[in-house]
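Reckoned from all heavy atoms, side chains included, excluding hydrogens, waters and symmetry mates. Letters A, B, ... mirror the listed sequences (proteins, then strands); counts begin at 1.
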Amino acid sequence: MPELPDVEIFKRYVDATALHQTIKEVSVKSRQILRGVSPQTLAQKLQGHQLASTWRHGKCLFLQLEEHGGSLVLHFGMTGFLKYCKDGKAMPPYTRLLLGFSNGAYLAFACQRMLGKVAFADDDQAYIEERGLGPDALALEWEPFKERLAAKRRSIKAALMDQGLLAGIGNIYSDEILFQVRVHPHTEVSKLSEAVLHQIYKTMRAVLEQAIQCQVDPTRMPQSWLLPHRDPKGQCPSCGEALLRDKVNQRSAYLCPNCQKKNA
DNA sequence: GGTAATGTTAGACT
DNA sequence: TAGTCTAACATTAC
């Protein structure tokens, strides 16, 4: 689930559960998810400290320690999520990292497919730069958005999903944005008029914000959206046509062949 | 048993 | 050189 709106919900979840408690225990269950930090170093950085605040950049969640002590950085891959448990027994399956607090509760980072990543950043901004991430999709203004995408020869779907251009959009939400703007995902960015690009920008903001409001729960999203119908048997909520599953960038893109014509 | 799944990335290619 | 594309990564469910 973890695209920008999902990670924003994880951020709010941490804010509501795990702040301002002293970390007693740091247990790395799967070493493989660590990026650029050893289990020993991670434990040493975290133990005895508290999570003071959180913020999100694209799909990355930063859990900041008090007194500028650096941040625990979480990336959720395709299957990652967080769970705050009152005791260690309620731990979800595939827990890869477990933080134990002085009040006896735990924060578990789970990811079934091991594509999630855990890192430690002494400086959040430097970390973002090192990883080559573009500006956060919700923080990005129209003018820089236009400049970043300008004249790209790749498809609009690939461009929206490129974390180096702008950070936070993945397969699901790029489909949703392009469906709402009625643009075919294969369309080359350079072929889009400025007016259409502007529509894409505005729709991107609206979709991301509303998805957060809906708690990323498809059943709460408007029925006019693609997302609640996004499966191989789904029908277009606008015209009733059977949805098409196409390949863009090695990923399956869902679209309505009637509403999203090429060269439209 | 083959295929696909909400992500990233190193290396190949143009 | 820069931009773009592909395969690989690990695991489970249908």
Here the distance between atom C1' of B:dT6 and atom CG of A:Leu4, to the nearest Å, is 13 Å
*Given side chains that start at C-beta, do those of A:Pro222 and A:Gln210 come closer than 4.5 Å, heavy atoms only?*
yes
Closest to the 5' end of DNA chain C, once A:Gln250 and A:Ala151 are matched to their nearest nucleotides, is A:Ala151
Side-chain contact check for A:Asn171: nearest option of B:dT8, C:dT4, B:dT6 is B:dT6
Only residue of A:Asp124, A:Asp123, A:Asp122 satisfying side-chain hydrogen bond (donor to acceptor under 3.5 Å, both in side chains) with A:Ser71 is A:Asp124
Regarding the side chain of A:Arg154, the nearest nucleotide among B:dT9, C:dC5, B:dT6 is C:dC5
Whole-Å distance, A:Ile177 CD1 to B:dT6 P, equals 15 Å
In whole angstroms, the gap separating P of C:dA2 from CG of A:Leu165 amounts to 15 Å
Item to check | Integer angstrom distance from the P of C:dT1 to that of B:dT9 | outcome: 22 Å
Separation of B:dT9 atom P from A:Gln163 atom CD, nearest Å, is 9 Å
Look at all strands and tell whether A:Arg251 reaches a base, only sugar-phosphate, or nothing, counting heavy atoms closer than 4.0 Å. base
Quiz prompt | OP1 or OP2 of B:dT8 under 4.0 Å from side-chain N/O of A:His75 | solution = yes
- Task: Report, as yes or no, whether the 6.0 Å neighbourhood of atom NZ on A:Lys146 holds more than 12 heavy atoms from other residues, nucleotides or ligands.
- Result: yes
Considering only heavy side-chain atoms of A:Glu3, the closest of C:dT4, B:dT6, C:dC5 is B:dT6
Q.
Other residues, nucleotides and ligands only: do more than 12 of their heavy atoms fall within 6.0 Å of CD on A:Gln40?
A. yes
DNA chain B in dot-bracket form (Watson-Crick or G-U pairs under 3.5 Å, [ ] crossing, | inter-strand) is .||||.||||||||
Notebook entry, point to check: Taking the C1' atom of each, how far is B:dT6 from C:dT4, in whole Å?
Noted result: 23 Å
A:Asp175 CG to B:dA5 C1', in whole Å, measures 13 Å
Determine, using ring centers only, whether A:Phe109 and A:Phe76 are less than 6.0 Å apart. yes
task: Could you tell me whether a side-chain N or O of A:Thr187 sits under 3.5 Å from a main-chain N or O of A:Val183, the two making a donor and an acceptor?
output: no
Picking from B:dG7, B:dA5, B:dT9, the nucleotide nearest the side-chain atoms of A:Lys247 would be B:dA5
To the nearest angstrom, the CD1-P distance between A:Ile172 and B:dA4 comes to 16 Å
For a quick check of understanding: with a heavy-atom distance under 4.0 Å over all strands, which category does A:Lys59 fall into, base, sugar-phosphate or nothing? sugar-phosphate
From the list A:Ile156, A:Thr203, A:Leu255, side chain to side chain contact (heavy atoms under 4.5 Å, CB included) partner of A:Leu178 resolves to A:Ile156
**Request:** Considering only atom P, compute the distance from C:dA10 to B:dG11 and round it to an integer number of Å.
**Result:** 16 Å
field: Salt-bridge criterion met for A:Arg245 and A:Asp231 (N-O under 4.0 Å)
entry: no
A:Lys157 NZ to B:dT6 P, in whole Å, measures 8 Å
Counting primed atoms, P, OP1 and OP2 as sugar-phosphate and everything else as base, the B/S/- map of nucleotides 8-14 of chain C against protein heavy atoms under 4.0 Å is -BBBS--
(message) Pairing donors with acceptors under 3.5 angstrom, does anything connect the side chains of A:Lys11 and A:Thr54?
(response) yes
Within the pair A:Arg245 and B:dA5, is there a side-chain N or O less than 4.0 Å away from OP1 or OP2?
yes
One should read off an interatomic distance between A:Glu176 CD and A:Ile172 CD1, to the nearest 0.5 angstrom, of 9.0 Å
To the nearest angstrom, the CG-P distance between A:Asn249 and B:dC13 comes to 18 Å
